[in-house]
Amino acid sequence: MTVIRSFDDLSVGQSFDLGGFALPRAEVLEFAGRYDPQPFHLDDAAAREGPFGELIASGLHTLSATFGHMLRTGFIAQVSLGGGAIDLKWPAPLRPDERVTLRIVVEELRVSRSKPGVGIAKLRYLVAREADGVTVLDALCTHFMRR
């Protein structure tokens, strides 16, 4: 597993494959019940009549699970100083128990003008279904990192 030790270790265009995960059905239902109680996240019959034709995971759950997975890998644990923004897209649905992979691409890098010991990295998180390669999450995230 790749672990970033300094902002200065990154270069635009680099990509990192961070493995995969799945959102178990029980977890999908629990998350939706607590945080995103839309019928297509909670009830099979209602979901069949909804815009996706089947039960799907909340996009917010997908985003949260993606961040959790990335953090558990230790990828930026030594350099992370938090984040500042997310440009977020959910181009396709994710079904419960469906395996996905996470790839992170370095899109932009710059050193903070006010804090030269801090770098600002824009990292694109691409989460794709293993079965067909379709992207279910595309998030461009701004991270503040130690140099």
Side-chain angles (χ1 to χ4, degrees), residues 1-110 118-147:
M1 176 57 54
T2 300
V3 174
I4 304 304
R5 299 193 189 317
S6 168
F7 166 84
D8 298 311
D9 292 342
L10 297 172
S11 60
V12 172
Q14 274 180 302
S15 68
F16 303 90
D17 292 316
L18 298 185
F21 62 92
L23 300 179
R25 180 181 171 81
E27 190 178 301
V28 166
L29 296 171
E30 180 185 355
F31 184 96
R34 291 187 67 173
Y35 303 109
D36 194 359
Q38 298 183 73
F40 47 85
H41 297 320
L42 287 170
D43 180 81
D44 287 303
R48 279 191 292 280
E49 301 301 318
F52 304 101
E54 62 186 326
L55 189 83
I56 64 164
S58 166
L60 298 171
H61 188 189
T62 305
L63 176 65
S64 297
T66 298
F67 269 69
H69 177 78
M70 180 275 297
L71 290 169
R72 281 188 290 281
T73 69
F75 175 63
I76 60 171
Q78 296 179 26
V79 297
S80 180
L81 298 172
I86 301 175
D87 179 10
L88 184 58
K89 296 174 184 76
W90 294 291
L94 177 62
R95 294 174 284 276
D97 300 309
E98 208 167 26
R99 288 215 37 97
V100 292
T101 59
L102 170 59
R103 183 166 53 99
I104 295 179
V105 179
V106 179
E107 297 280 332
E108 184 181 317
L109 299 168
R110 67 180 173 87
V118 174
I120 302 166
K122 288 193 176 183
L123 306 178
R124 183 171 302 279
Y125 290 65
L126 296 165
V127 177
R129 297 188 298 231
E130 279 187 6
D132 59 10
V134 171
T135 299
V136 299
L137 174 78
D138 179 344
L140 183 60
C141 303
T142 302
H143 290 272
F144 303 107
M145 298 180 171
R146 286 186 184 89
R147 295 189 68 208

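The structure places CZ of Arg146 at 14.0 Å from CZ of Arg5, a figure rounded to the nearest 0.5 Å. Separating the CG atom in Leu55 from the CG atom in Leu29 is a distance of 6.0 Å, to the nearest 0.5 Å. Atom-to-atom distance recorded for Leu126:CG and Lys89:NZ is 10.5 Å, nearest 0.5 angstrom. Atoms CZ and OG1, on Phe21 and Thr73 in that order, are 11.5 Å from each other to the nearest 0.5 Å. Between the CE atom in Met145 and the CD1 atom in Ile4 there is a gap of 7.0 Å [rounded to 0.5 Å]. Once rounded to the nearest 0.5 Å, the distance linking OG1 of Thr142 with CG of Asp87 reads 9.0 Å.
The minimum heavy-atom distance between Thr135 and Leu137, with the atom names listed, is CG2-O, 3.3 Å. Nearest heavy atoms, Cys141 versus Phe67: SG-CZ, 3.6 Å. Residues Ala46 and Pro39 approach most closely at CB-CB, 3.7 Å, considering heavy atoms. The minimum heavy-atom distance between Val3 and Gln78, with the atom names listed, is CG1-NE2, 3.5 Å. The two residues Leu88 and Ala139 come nearest to each other via the heavy atoms CD1-CB, 3.8 Å. Of all heavy-atom pairs between Arg103 and Val105, the closest is NH1-CG2, 3.3 Å.
By the side chain to side chain contact (heavy atoms under 4.5 Å, CB included) test, Ala77 is found to be paired with no residue, residues two or more places apart in sequence or in another chain being considered.
Around atom OH of Tyr35, no more than 12 heavy atoms belonging to other residues, nucleotides or ligands sit under 6.0 Å away. By the neighbour-count criterion of 12 heavy atoms within 6.0 Å, atom CZ of Arg129 is densely surrounded, having more than that number from other residues, nucleotides or ligands.
Between Leu10 and Phe16, some side-chain heavy-atom pair lies under the 4.5 Å cut-off. Counting only heavy atoms from C-beta outward, the side chains of His61 and Val28 approach each other to under 4.5 Å. When side chains are defined from C-beta on, Leu42 counts as touching Pro37, because their heavy atoms get closer than 4.5 Å.
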Go through the steps for Met70 and Ile76 under the test side-chain contact (heavy atoms from CB on, under 4.5 Å), then give the verdict.
-> CA-CA 8 Å; Met70 180 275 297; Ile76 60 171; 3.7 Å; yes
Leu18 and Tyr125: CA distance, side-chain angles, deciding distance, side-chain contact (heavy atoms from CB on, under 4.5 Å) verdict = CA-CA 10 Å; Leu18 298 185; Tyr125 290 65; over 6 Å; no
Going through the distances and angles, do Phe144 and Ile120 end up as a side-chain contact (heavy atoms from CB on, under 4.5 Å)?
-> CA-CA 5 Å; Phe144 303 107; Ile120 302 166; 3.7 Å; yes
Could you go step by step and tell me if Thr101 and Asp17 meet the side-chain contact (heavy atoms from CB on, under 4.5 Å) rule?
-> CA-CA 8 Å; Thr101 59; Asp17 292 316; over 6 Å; no
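Judged by distance alone, with hydrogens and angles left aside, the side-chain atoms of Glu27 form no donor-acceptor pair with the main-chain N or O of Pro24 at under 3.5 Å. A donor-acceptor pair is defined here as one N or O able to donate and one able to accept, closer than 3.5 Å; no such pair exists between the side chain of His143 and the backbone of Val79. In this structure a side-chain-to-backbone donor-acceptor pair under 3.5 Å is present from His41 to Ile56.
Electrostatic pairing of Arg147 and Asp8 counts as a salt bridge here, judged by a charged N lying under 4.0 Å from a carboxylate O.
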